[in-house]
Amino acid sequence: MVLASLTPLSAVARAGARSSAFQSRRFLAQVVNAKGHDQSTPSSYKVVVVGGGSAGLSVASTLAETLGNKAVAVVEPSDVHYYQPLWTFVGSGLKTFDESKMAMSEVMPEKAQWIKDSVASFNPKQNTVVLANGESISYDYLVVAAGIQTNWGKIKNLPETLGKNGVTSNYSAQSVQKTDEFIKAFKGGNALFTMPSTPIKCAGAPQKIMYLAEEQWRKAGIRSQTNINYFTGLGKIFAIDKYANELLKICKKRDLNINFFTDLTEIKPESKEAVFNILAGEAKGTTLTLPYEFLHVTPPMGAPEFIKSSPLSNADGWVDVDKETLRHNKFSNVYSLGDCSSLPTSKTAAAITAQSAVLKNNLLGDIYGDNQVAKYDGYTSCPLVTGSESLILAEFSGYTGQPQETFPFDQSKERFSTYLLTKEVIPEIYWKSMVKGTWDGPAKYRKLFGVV
Ligand code: FAD
Ligand code: UQ1
């Protein structure tokens, strides 16, 4: 099937097509294990990976396979691993919640040691991390992949309102199914969708669910009694003009009102009102209060607190890494990728496919004395679902701001093919290949299709 042809060889073998180097790395790995790593001392590892999400698993799988049994530890507190990109489909009833989750024990690499706890703090000068239970774990190399923090409490009354009386969010495992329930129960009135001014994961997701809800309300015959408003704290609907222009046309055609520089600050559950701060223009500094019957909230997000307060963070709280090599700017045996990293591109699982290949190449290069440095080019992607049969597949570099598309057609146009790819094929790639460390993203297909 399609997947077989999309699944590459191991990332290590792929890195520079150095399969003989891979063989010798495996041999060396046994030496590293036998001499450098005492298997009976579980508090010391060749590599410690913090976080067993999309980024952590895609890196840990390859490293554990290459470095051998128990050379790699993954510190991860959760029993469940979520494929969060599916939550747009779950929130609109197009997929079930169960399809978005897997027991952590099922996806954890067999040869890695799963430490089921949280990291509380980092001591990079001592090469140790301290767990929530107080235990110290030491490492030769550290990979930080702890994701982004959703700050529900920064919207007044949101934590206690979420999942009740029409207030929902696809950004939480606890409320995503409520989105589907509330869309289907909606009988008309004001429907509000919000996007904060902070960095978030998948910057397209706050509007994808608006398109899917609008389609359902249109099909249910209640569209004429429904006002749909999108409030973004930012000044654009999408960062890249090629896609933003098409999205604005869709909004106009479907009577979706887009409000820029408006940031949700408070929910008044008794009166069912949402309060916004106006961030720019003549009304700057004032507030706007609107009644709602349906409210989809994307909460403000930021760097996880335990990273922010650590020596690993930059001024904004993200793990401070070089944007090309993914190596920490101060501590050379520390790497980071994914949503918690400082990499200046849009935070998505798609971006991680390219980041993890670079990180693994460079970290294994450190271990084996191989200095063919790989560089990340800022690739990221946002599959913008615009209906239950249509999608705009935005693919671009956050570093150049230019499209970086895989297929030999204009991906800014709505298509059924890219919808099916995103809904049916990419989830298969994720479970069968990405979490196993063997999916390096679509770069090679871009070359195959001659798109460069
Ligand atoms: P995560 O996958 O969030 O994993 C972080 C892990 O770290 C978690 O398992 C967590 O338990 C663990 N952790 C946290 N704190 C600690 C600690 N102190 N110690 C140890 N472990 C810790 N991306 C796309 O590419 N395409 C899409 O269409 C898309 N749509 C999305 C739609 C929605 C609604 C959402 C919510 C996200 C979407 N994304 C999409 C974004 C994508 O899911 C994230 O970018 C991706 O999961 C980031 O991976 P990560 O490993 O950095 O973080
Ligand atoms: C991708 O590789 C990926 O990771 C598995 C995603 O995460 C959910 C994506 O959303 C996208 C778009 C890609 C890119 C893959 C192709 C085939 C364009």
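Every heavy atom of this structure was used, including side-chain atoms; hydrogens, water molecules and symmetry mates were not. In each ligand, atom 1 is the first atom listed, and ligand 1 is the first ligand listed. Bear in mind that the values here come from a model prediction, so they are computed numbers and not experimental data.
Listed by number with element, the atoms of ligand 2 under 4.0 angstrom from any heavy atom of Pro383 are 10 (O), 12 (C). Below 4.0 Å from some heavy atom of Pro85 lie the following atoms of ligand 2, by number and element: 8 (C). Residue-ligand proximity, Thr353 to ligand 2, at heavy-atom distances under 4.0 Å covers atoms 2 (O), 4 (O). Taking every heavy atom of Tyr379 and a limit of under 4.0 angstrom, the matching atoms of ligand 2 come to 14 (C). Taking every non-hydrogen atom of Ala349 and a distance limit under 4.0 Å, the qualifying atoms of ligand 2 come out as 7 (O).
Between Glu395 and ligand 2, not a single N/O pair is under 3.5 Å apart. Residue Ala350 has at least one nitrogen or oxygen atom sitting less than 3.5 Å from a nitrogen or oxygen atom of ligand 1, judged on distance alone. Considering backbone and side-chain atoms together, Gln84 places an N or O closer than 3.5 Å to an N or O of ligand 1. Residue Asp339 has at least one nitrogen or oxygen atom sitting less than 3.5 Å from a nitrogen or oxygen atom of ligand 1, judged on distance alone. Between Ser118 and ligand 1, no pair of N/O atoms sits closer than 3.5 Å. The distance criterion of under 3.5 Å between nitrogen or oxygen atoms is met by Ser54 with respect to ligand 1. Taking only nitrogen or oxygen atoms, main chain and side chain alike, Ile352 does not reach within less than 3.5 Å of ligand 1. Where the criterion is an N or O separation shorter than 3.5 Å, residue side chain and backbone included, Ala205 fails it with respect to ligand 1.
When Asp322, Asp366, Asp320 are each tested for a salt bridge (Lys or Arg N to Asp or Glu O under 4.0 Å) with Arg327, only one passes: Asp366. With Thr418 as the partner, the side chain to side chain contact (heavy atoms under 4.5 Å, CB included) test is satisfied by one option alone out of Leu391, Thr406, Ile392: Leu391.
Of the protein's heavy atoms, Pro383 CD, 3.7 Å lies nearest to atom 26 (N) of ligand 1. Of the protein's heavy atoms, Lys208 NZ, 3.1 Å lies nearest to atom 28 (O) of ligand 1.
Sorted by first and then second residue, the salt bridge (charged side-chain N to carboxylate O under 4.0 Å, His left out) pairs with a member in residues 171-184 read Lys178-Glu181, Asp180-Lys184; sequence neighbours excluded. Every pair tested for ring-ring contact (aromatic ring centres under 6.0 Å, His included) that includes a residue from residues 144-184 fails, sequence neighbours excluded, so the list is empty.
One option in Tyr83, Tyr82, Tyr171 has a heavy atom closer to atom 36 (C) of ligand 1 than any other, and that option is Tyr171.
Annotation: cation-pi geometry not satisfied between Lys95 and Trp87 (NZ/CZ under 6.0 angstrom from ring centroid, within 45° of ring axis).
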Working note: Lys116 + Glu76, criterion salt bridge (Lys or Arg N to Asp or Glu O under 4.0 Å); need CA distance, chi angles, decisive distance, verdict.
CA-CA 5 Å; Lys116 198 176 172 309; Glu76 168 58 62; over 6 Å; no
Criterion side-chain contact (heavy atoms from CB on, under 4.5 Å) on Phe193 and Leu256, from CA distance to verdict
CA-CA 10 Å; Phe193 296 82; Leu256 304 165; over 6 Å; no
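In this structure, Cys340 falls outside the shell of residues with a heavy atom less than 4.0 angstrom from ligand 1.
Side-chain rings of Tyr376 and Tyr399 approach one another, their centers coming within less than 6.0 Å.
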